[in-house]
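Quick notes on the structure that follows.
Atoms considered below: every heavy atom in the structure, side chains included; atoms not considered: hydrogens, waters and symmetry mates. Quick note on labels: first sequence line is chain A, next is B, and so on, each numbered from 1.
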Amino acid sequence: MPELPEVETTRRGLRAYCEGVAIADVLVRDHRLRWPVRADLPAILRGQPVRRLERRAKYLLFCLDHGTLLVHLGMSGSLRVLLEPQPAARHDHIDIALANGAVLRYNDPRRFGSFQWFASGESCPALSRLGPEPLSDAFDGARLHRLSRKRRVAVKPFIMDGATVVGVGNIYASEALYLAGIRPDRAAGRVSLARYGQLAEHIKQVLTSAIEQGGTTLRDFVGGDGKPGYFAQQLFVYGRGGEPCKRCGTPLRDKVIGQRASVYCIACQR
DNA sequence: CGCTGACCCTGACGGC
DNA sequence: TGCCGTCAGGGTCAGC
């Protein structure tokens, strides 16, 4: 489910309800996430106003006065706002009840997500190793080219590595490589500066466009407002293995690269 | 250091 | 209908 556009969509949907509003209470029904949710999390958060809801890579950051709640949606997580009380459904693991009556409800069937607390001044290893945001000026083709010299790893896992650039998951990596005409299994060190320039631009473009459309709903993604995203309709390659390339008609090839399913056109991508 | 593979977990889907 | 194998949008870690 969530890649960067989906996380950003969630942030935009939720921020109006929680920024400047105190956390009234936190209910943890199941603490068994990617890392166990600490037992004292409700006590830490209770009564504290949420100053800002930010995003870094695929993490949501609830910024409080005395620290930050770091939320990751994993593969199957979603965080949505409830304005009316609703009985908890299967996999509704955590509720954050706000002082204005709204409830942020976290659902995550696979429990690959995480809720972590970092007090002010405490270092946060998950964020410290991350590369630049893809939509920032710090990310461009020159960076891709510089970091990839002598690297034999395939270009697709290279751009999905958070140390290279954050927030590029399997869907958007596949799409951007198609748009840039680069084979996903080409060695990262064997892509020219000019082509990396194009790749960086396509990554920015595809992410921007997906954010504008509320993310990509593949199975059950819903944003903070509970609505699905609409980007799925314009995917060129992701999930289309064996179907004809939308540009040249050649059947799209399916191949596992870096342990992830990858789809590309052998005619349009070199 | 760079890279590969295993792993965390549940659910959906296709084949039989 | 039901059982079984396969796969899934992410990230960390051990080991070579």
Let me confirm one number: the CZ-CG distance from A/R146 to A/D140, rounded to the nearest 0.5 Å.
8.0 Å

Would you kindly give the CG-to-P distance between A/N170 and C/dA8, to the nearest whole Å?
8 Å

Which pairs, protein N/O on one side and nucleotides 11-14 of chain C N/O on the other, fall under 3.5 Å?
{"residue": "C/dG11", "atom": "OP1", "partner": "A/H72", "partner atom": "NE2", "Å": "2.9"}
{"residue": "C/dG11", "atom": "OP2", "partner": "A/K58", "partner atom": "NZ", "Å": "3.2"}
{"residue": "C/dG11", "atom": "N2", "partner": "A/R34", "partner atom": "NH2", "Å": "3.3"}
{"residue": "C/dT12", "atom": "O4'", "partner": "A/R34", "partner atom": "NH2", "Å": "2.9"}

Under 3.5 Å for both distances, Watson-Crick or G-U wobble, that's the pair rule; now give the dot-bracket for DNA chain B, with | marking pairs to another strand and [ ] for crossing ones.
.|||||||.|||||||

Choose from C/dG10, B/dT10, B/dG2 the nucleotide whose nearest atom is closest to any side-chain atom of A/M75.
C/dG10

Look at the rings of A/H145 and A/Y196 and say which category their plane angle falls in: under 30° parallel, 30 to 60° tilted, over 60° perpendicular.
perpendicular

Over all heavy atoms of both residues, which pair between A/E3 and A/N170 is shortest? Give the atoms and the distance, please.
OE2-N, 3.1 Å

Return the value, rounded to whole Å, for the distance between atom CD1 of A/I257 and atom P of B/dC3.
15 Å

Test: A/R247 cationic atom under 6.0 Å from A/F236 six-membered ring centre, within 45° of axis:
yes

Taking only the P atom of each, what is the distance from B/dC9 to C/dC3 in whole angstrom?
24 Å

Starting from C1' on B/dC3, measure out to CD on A/Q259 and report it in whole angstrom.
10 Å

Over how many whole Å does the gap from A/L70 atom CG to C/dG10 atom P extend?
17 Å

Rounded to the nearest Å, what distance is computed from the NE2 atom of residue A/H31 to the C1' atom of nucleotide B/dC9?
14 Å

Answer with yes or no whether A/R111 presents, from its side chain, a donor or acceptor under 3.5 Å of a partner atom in the base of B/dC9.
no

Rounded to whole angstrom units, what separation is found between the CZ atom of A/F158 and the C1' atom of B/dG2?
12 Å

With a 4.0 Å limit, can you tell me whether A/H91 has a side-chain N or O closer than that to the phosphate oxygens OP1/OP2 of B/dC9?
no

Flag as yes if A/F112 stacks onto the base of B/dC8 (centroids under 5.5 Å, planes under 30°), otherwise no.
yes

What nucleic acid atoms does A/R32 come within less than 4.0 Å of, heavy atoms only: base, sugar-phosphate, or nothing?
nothing

Test of ring centre spacing under 6.0 Å for A/H66 and A/W117
yes

Please work out whether the ring planes of A/Y106 and A/H93 are parallel, tilted or perpendicular, with thresholds of 30° and 60°.
tilted

Find the distance A/D161:CG to C/dG10:P and express it as a whole number of Å.
13 Å

Report the residue from A/V71, A/L104, A/L73, A/V81 that forms a side-chain contact (heavy atoms from CB on, under 4.5 Å) with A/T10.
A/L73

Counting N and O atoms only, with roles assigned by atom type, does the side chain of A/R105 sit under 3.5 Å from a partner on the main chain of A/Q86, one being a donor and the other an acceptor?
yes

Can you tell which of A/T68, A/L130, A/V7, A/L70 makes a side-chain contact (heavy atoms from CB on, under 4.5 Å) with A/R56?
A/L130

A/R90 atom CZ is separated from B/dG11 atom C1', nearest whole Å, by 9 Å

